[in-house]
Protein chains: 2
Amino acid sequence: MASIRDLAKELKLSPATVSRALNNNPLVAAEVRQRVLNAANKLQYVPTIGRRETMNIAFAYAGDRSIGSPFDAALMEGLTDRMEAGGFDLLILDVKRAVHPRETFSHMFRRKGIRGAVLRTTTAAKDLCIQIAEEGFPCVVVGESFDRDGISFVRSDSLNSSRDAVHHLIDLKHEKIAIVVNQVDDSDHLDRIAGYQEAMTTRGLKVDDRLIFRIPAKREGGIQLIRRLAAMPDRPTALFFADPLPAIGAMMEAQNIGWHIPRDLSIIGFDDAELRFMVNPTMTAICQDARELGRMAFESLTLLFSQKGRELQNSAVRRTLPTQLECHGSTGPVCS
Amino acid sequence: MASIRDLAKELKLSPATVSRALNNNPLVAAEVRQRVLNAANKLQYVPTIGRRETMNIAFAYAGDRSIGSPFDAALMEGLTDRMEAGGFDLLILDVKRAVHPRETFSHMFRRKGIRGAVLRTTTAAKDLCIQIAEEGFPCVVVGESFDRDGISFVRSDSLNSSRDAVHHLIDLKHEKIAIVVNQVDDSDHLDRIAGYQEAMTTRGLKVDDRLIFRIPAKREGGIQLIRRLAAMPDRPTALFFADPLPAIGAMMEAQNIGWHIPRDLSIIGFDDAELRFMVNPTMTAICQDARELGRMAFESLTLLFSQKGRELQNSAVRRTLPTQLECHGSTGPVCS
DNA sequence: AGTTGGTGCTGGAACAGTTTCGCTAACTGT
DNA sequence: ACAGTTAGCGAAACTGTTCCAGCACCAACT
């Protein structure tokens with residue numbers, strides 16, 4: 001509701017200077033700019049075009065991540081699905097690159113007329129998301145969960161499906177079951193490990209730390225893992241992958257060195273898209289609905305808009321979507 | 001350079017009415033709106049925020065296509081790569097959904113403050129791109145070529161690589177070589193067929209119409225093709241696919257029914273992303289650099305901006321990127 | 001020492017687009 | 001025939017941005 005002229009009056013400045021400060025114009029003194037930004041934050045300033053409030057939503061990448069995965073594409077599809085009805089437009093940007101030097105993130109978002117952001121991040125850049133949320137800017141993180149209060153996120157719960165996946169392997173008489181997870185942890189992956197451990201212990205199988213493999217979440221990681229396994233004296237008979245690409249790489253490499261899947265090795269992977277159908281045999285996998293996740297992210301954001309207006313400062317929106325285990329051709333009974 | 005007040009003066013209307021007309025406000029009479037739009041087109045009206053020209057670029061989907069393919073994602077990556085330096089922002093939208101009833105496309109783009117559009121389309125919606133270009137709105141189509149003047153596009157030339165691919169198969173002593181293309185034609189696919197025919201005839205092989213297969217460009221299309229082939233008395237020994245997904249599907253299904261690749265069947269596919277590494281054996285494929293294509297699209301668009309300013313109305317920007325044949329494991333010598 | 005020129009920063013004013021409010025004219029129901 | 005309603009338009013108010021002028025300060029030159 002506050003306009004640039006309101007800010008100017010409050011700060012005893014001219015509208016021109018306030019506008020310059022908000023647009024990161026170098027002509028304005030650093031101390032003045034800081035005061036303007038503080039006031040803008042305090043008075044909940046929202047930029048307008050003419051007399052109409054801006055209606056942009058950002059799909060923002062935090063950290064080194066870049067656009068590219070099918071998961072992101074499906075996410076965007078879900079986002080645009082809900083947005084266009086509400087008259088919003090979707091802006092794609094990389095927060096690290098879009099932000100000017102000495103500019104806060106919320107500052108950058110406002111400069112671009114963005115009302116709220118859907119954040120996509122890596123574990124390494126989680127603190128960046130926290131920073132944005134702590135600046136008070138409406139944002140929803142997708143695919144990460146956070147312990148602390150005040151930060152909203154939308155994620156898919158893979159705990160139950162992970163448990164299902166391991167139960168499925170145990171039903172097939174597997175006993176030496178390994179889990180393969182990304183080198184860097186995030187909450188989603190911790191869930192998957194927890195599901196694995198839960199299933200193993202409830203079915204009377206020992207959880208061996210040497211059966212928890214850490215690899216980079218790329219195709220190459222899966223390839224390397226198989227080469228390591230080939231040298232092991234009593235290697236596991238089934239692998240449960242917490243990421244899509246290593247699972248694919250492992251299937252390939254296993255077949256390359258002459259193993260038959262699923263006779264010599266059962267594999268369960270993860271799938272954001274349709275990768276499970278692109279390998280031979282088709283891959284048993286835990287699937288998440290990225291499109292629905294995108295829809296949920298947008299709806300959480302709009303909820304945040306209205307809540308922010310109602311001064312519910314510290315309440316965050318948290319939604320979880322279940323995942324499903326899909327059984328295909330890469331799992332079979334253990335062959336003794 | 002023309003402002004809303006200029007338009008108002010020209011049309012003997014108030015600025016308020018002109019603004020309403022441009023924003024598709026239903027309160028304005030249809031006849032008046034039409035006059036305003038015509039004048040806006042004639043006077044090259046460009047919307048501004050305050051006194052600054054808007055700096056948005058649209059990545060627009062024309063027709064039924066939706067965001068999702070890795071190709072699109074890489075394209076966007078290339079686009080944002082070049083854009084952020086110039087201070088542009090990228091807006092994602094579906095033109096068919098974003099346009100209001102009784103609104104032209106250039107009208108819709110202007111309403112959203114968009115200066116130029118990178119269009120992604122299907123062959124079925126080519127006329128839609130032509131329409132946008134004919135409205136005089138700066139746009140560049142990616143992945144399609146057009147015969148008529150005045151429409152800019154950026155594409156990758158697959159003629160040479162297609163010829164290379166078929167030569168490669170002939171070098172491996174294949175003679176019954178089939179080409180598999182999408183049911184609906186576009187210029188890119190016509191190129192691929194031309195390359196196929198060229199290679200066949202220069203090497204003294206007859207081009208048999210029954211070796212040109214038309215299928216839907218999906219995984220399922222490749223699967224169905226293999227089932228058809230299995231019933232043929234003297235089936236081809238090598239397949240050249242003009243699309244990525246059917247090639248993958250065909251590789252899968254061929255192995256399903258017990259054929260060995262490449263011993264029983266050689267396959268060359270297309271690849272926008274990294275799909276060729278996700279199958280076993282890895283797929284020999286023609287690869288295009290979608291990211292570079294995105295960069296080129298943006299640069300063509302900026303060129304168009306400056307040219308439009310210089311009144312070079314009918315000149316279109318046309319750029320072509322070469323593709324490369326990458327030999328992997330899905331092709332081998334013919335086995336008699 | 002006084003003057004001159006440059007530079008960093010700010011404000012006034014002009015200008016861009018949008019919306020609110022009010023007015024007019026035509027239409028509609030009784 | 002008349003009151004009420006509604007479509008359509010314009011004046012004015014308001015929002016954000018930039019151009020131009022000005023002020024203060026500093027450095028340097030004569």
Side-chain angles (χ1 to χ4, degrees), chain A residues 1-37 39-41 43-56 87-89 100 102-103 106-115, chain B residues 1-37 39-40 43-56 87-89 100-103 106-115:
Chain A
M1 230 38 166
S3 75
I4 275 200
R5 281 172 175 82
D6 292 335
L7 292 182
K9 197 168 291 180
E10 171 94 4
L11 296 165
K12 300 197 189 311
L13 290 170
S14 72
T17 303
V18 175
S19 172
R20 277 190 282 257
L22 291 174
N23 283 306
N24 227 35
N25 191 315
L27 283 179
V28 72
E31 178 264 344
V32 172
R33 178 168 56 199
Q34 200 50 55
R35 271 170 48 215
V36 170
L37 295 190
N41 263 331
L43 298 187
Q44 297 270 23
Y45 169 73
V46 173
T48 64
I49 301 177
R51 225 168 183 191
R52 172 173 59 195
E53 291 191 341
T54 52
M55 293 285 264
N56 288 334
F88 284 96
D89 282 322
H100 290 168
R102 305 164 138 233
E103 189 183 38
S106 53
H107 185 184
M108 178 272 292
F109 283 128
R110 267 205 282 270
R111 178 163 55 80
K112 291 178 179 293
I114 293 166
R115 300 289 300 277
Chain B
M1 232 36 168
S3 75
I4 276 201
R5 283 172 175 81
D6 293 335
L7 292 182
K9 197 168 291 180
E10 170 94 5
L11 296 165
K12 298 194 191 314
L13 290 170
S14 71
T17 303
V18 175
S19 172
R20 277 190 280 258
L22 290 174
N23 283 307
N24 229 36
N25 190 315
L27 284 178
V28 72
E31 179 264 343
V32 173
R33 178 167 57 199
Q34 198 52 53
R35 271 171 48 217
V36 170
L37 295 189
L43 298 188
Q44 296 271 22
Y45 168 73
V46 173
T48 63
I49 300 176
R51 225 166 184 194
R52 173 172 59 192
E53 290 191 342
T54 53
M55 293 284 264
N56 289 333
F88 284 96
D89 282 321
H100 289 171
R102 304 164 138 234
E103 188 183 37
S106 52
H107 184 186
M108 178 272 292
F109 284 129
R110 268 204 280 270
R111 178 163 56 81
K112 291 179 179 293
I114 292 167
R115 298 290 300 276

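In what follows, every chain begins at residue 1, and chains take the letters A, B, ... in the order their sequences are listed.
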**OP:** Side-chain contact test, heavy atoms from C-beta onward, threshold under 4.5 Å: evaluate it for B:V18 versus B:R5 and give yes or no.
**Re:** no
Subject >> Exercise: identify the closest heavy-atom pair between A:H107 and A:L22 >> reply: NE2-O, 2.9 Å
Original post:
Taking atom C1' of C:dG11 as reference, at what distance in whole Å does atom CG of A:L27 sit?
Top reply: 13 Å
Original post:
For A:R110 and D:dG16, what is the distance between atoms CZ and P respectively, to the nearest whole Å?
Top reply: 12 Å
Original post:
Quick one: which of C:dA16, D:dT15, C:dG11 gets closest to the side chain of B:S3?
Top reply: C:dA16
**OP:** Find out whether A:N41 and A:R110 are in side-chain contact, i.e. whether some heavy atom of one side chain is under 4.5 Å from a heavy atom of the other.
**Re:** yes
Original post:
Between D:dA11 atom P and B:K12 atom NZ, what is the distance in whole Å?
Top reply: 13 Å
Original post:
In whole Å, what is the span from the CG atom of B:L43 to the P atom of C:dA16?
Top reply: 14 Å
Subject >> Heavy-atom closest contact (A:G113 atom, A:N56 atom, distance) >> reply: O-CB, 3.3 Å
Original post:
If you look at every strand shown and take non-hydrogen atoms under 4.0 Å, does B:V18 touch a base, only sugar-phosphate, or nothing?
Top reply: nothing
Original post:
Base, sugar-phosphate alone, or nothing: which one does B:V28 contact when heavy atoms must sit under 4.0 Å apart?
Top reply: sugar-phosphate
**OP:** Find the distance B:L13:CG to C:dG17:P and express it as a whole number of Å.
**Re:** 15 Å
Subject >> Distance in angstrom units between A:D6 CG and D:dG16 C1', rounded >> reply: 13 Å
Subject >> Between D:dA11 (P) and B:K9 (NZ): distance, integer Å >> reply: 12 Å
Original post:
Considering only heavy atoms from C-beta outward, does the side chain of B:I4 approach that of B:Y45 to under 4.5 Å?
Top reply: yes
Original post:
With a 4.5 Å limit on heavy-atom distance, are the side chains of A:T54 and A:K112 in contact?
Top reply: no
**OP:** Round to the nearest Å and state the distance from B:K112 atom NZ to C:dG17 atom P.
**Re:** 18 Å
**OP:** Report, as a single string ordered 5' to 3', how protein heavy atoms within less than 4.0 Å touch nucleotides 17-25 of chain D: B base, S sugar-phosphate only, - not at all.
**Re:** BBB------
Original post:
Considering all heavy atoms of both residues, which atom of B:N25 and which atom of B:R33 are nearest to each other, and what is their separation?
Top reply: O-NH1, 4.3 Å
Subject >> side-chain N/O B:T48 vs C:dA16 OP1/OP2, d < 4.0 Å >> reply: no
